[in-house]
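Just below is one structure, and these are the notes that go with it.
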Amino acid sequence: MIRRIEIVRAHINLVSPFRTSFATEVDRNLLYVRVVGDDEEGWGECVAMAAPLYSSEYVDGCEEVMKRYLIPMISASTTAEEFVQNSAAIRGNFMAKAAIEAALLDFQLRKANVSLANFLGATQTKVASGVSVGIQPTIDDLLRVVAEYRADGYVRIKLKIEPGLDIDRVRAVREAFGSDMLLQVDANAAYAVDDAAHLAKLDEFNLLLIEQPLPEEDIVGHVELSKRVGTPICLDESITSYDVARGALDINACSIINIKPGRVGGYLESKRIHDLCLSRGVPVWCGGMLETGIGRAANLALAALPGFTLPGDTSASKRYFIQDVTTPFELVDGYIDVPNTVGIGVRPITEVLGAMTSRVDSYTITK
Ligand code: SMG
Ligand code: MG
């Protein structure tokens, strides 16, 4: 029986600023959902950033929609599956929904003594990990940072790009590290269809993919771009649900999909998108939202499914945090172990989370 839901607000600094085409993140404004029962609890992490720049959601807005609309839908016996069904009436707000779904899943799987990985259908016990490299001040900085991540063992490098900090950056990395290194770029929607000829200049660098070159809503623009650029197009921001994924694939807007559970409303929807892509032979990989150990653990479980054939942004805890809220995830020979105990397999370390916490609001479940 679920007795109460807690919203835990906390703060953590990043080890270094992370610059994308839309913002520079220096810290994470965290929101965890904790489902509390009589003798079990479940945890979920909300991936929304502090400001609505990556997508329309932002963390304070997520808290608002949780307390006004989503938490009141939960009764003592609500399952993750029921929550997903009931909350479909609320439009959008995928990151808010996903955090609650994750906490409910962790709660019910712990009670059932099943790991999230097994529940989702994982076929791997460890996953190959890539790292996302923010836009650096200079090419020299970029080469130094990439060299450090290579030394850590990351099997794939993703470069954040934006207009003007793109072709030369990729060329420099290719020249320094060779043509065999798995390399891809992420524009976070910074280009327009008219940039097709410019983006086609990336074709000579044998990239795995170009991630989200155009705005989220411009799925049709990606169809045109896919015809004019040889490098495979991968969608991130645009893919907010199974239906959008199916439509985008049907019209050839992309040939690869980045699955982020927070962006699509949860792990159950993520599995549906994975299954669709697997059935169509479309490669998928697990995206990241600078999650702490709670979200990272659940993402690793998802990334262990058979369709995740490309390395994800599932890097080690120390890529972002000096001290993670859970036991840190570590990279060993380019791989990270998938948690295999019960639920998401980790819990916050009480003292660590306590020191980071600014507020805990508790909502009693009376139904
Ligand atoms: O968790 O390693 C991670 C972050 C990976 O680049 C990353 N995420 O568009 O894919 C993306 C970005 C979104 C977050 S940027 C603040
Ligand atoms: Mg992206």
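Indexing begins at 1, ligand by ligand and atom by atom, following the structure's order.
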Test item: Lys160 and Arg19 side chains (from C-beta on) under 4.5 Å apart, heavy atoms: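 A side-chain contact under 4.5 Å is absent here.
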
Cationic N near anionic O, under 4.0 Å, [X] to [Y]:
| X | Y | result |
| --- | --- | --- |
| Arg3 | Asp39 | no |
| Lys67 | Asp361 | no |
| Glu45 | Arg34 | no |
| Lys158 | Asp186 | yes |
| Glu40 | Arg347 | yes |

Residues in side-chain hydrogen bond (donor to acceptor under 3.5 Å, both in side chains) contact with Asn206, at least two apart in sequence or another chain: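 Here no residue qualifies.
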
Write out each pair where an N or O from ligand 1 and one from the protein are under 3.5 Å apart, with the distance.
from, atom 1, to, atom 2, distance (Å)
ligand 1, 1 (O), Met289, N, 3.2
ligand 1, 1 (O), Leu290, N, 2.7
ligand 1, 2 (O), Tyr320, OH, 2.7
ligand 1, 6 (O), Ser132, OG, 2.7
ligand 1, 6 (O), Lys158, NZ, 3.4
ligand 1, 6 (O), Lys160, NZ, 3.0
ligand 1, 8 (N), Gly288, O, 3.0
ligand 1, 9 (O), Lys160, NZ, 3.1
ligand 1, 9 (O), Asp186, OD2, 3.0
ligand 1, 9 (O), Asn188, ND2, 2.7
ligand 1, 9 (O), Asp236, OD2, 3.1
ligand 1, 9 (O), Lys260, NZ, 3.4
ligand 1, 10 (O), Lys158, NZ, 2.9
ligand 1, 10 (O), Asp186, OD2, 3.2
ligand 1, 10 (O), Glu211, OE2, 3.3
ligand 1, 10 (O), Asp236, OD2, 3.2
ligand 1, 10 (O), Lys260, NZ, 3.0

ring-ring contact (aromatic ring centres under 6.0 Å, His included) contacts in which one or both residues fall within residues 258-298, not counting sequence neighbours: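 Listed by first then second residue: His274-Phe308.
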
Between Asp203 and Thr231, a side-chain donor and acceptor under 3.5 Å: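 A donor-acceptor contact under 3.5 Å links the two side chains.
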
Atoms of the protein (N/O/S only) found under 2.8 Å from the Mg ion (ligand 2):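 Result, waters dropped: Asp186 OD2, Glu211 OE2, Asp236 OD2.
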
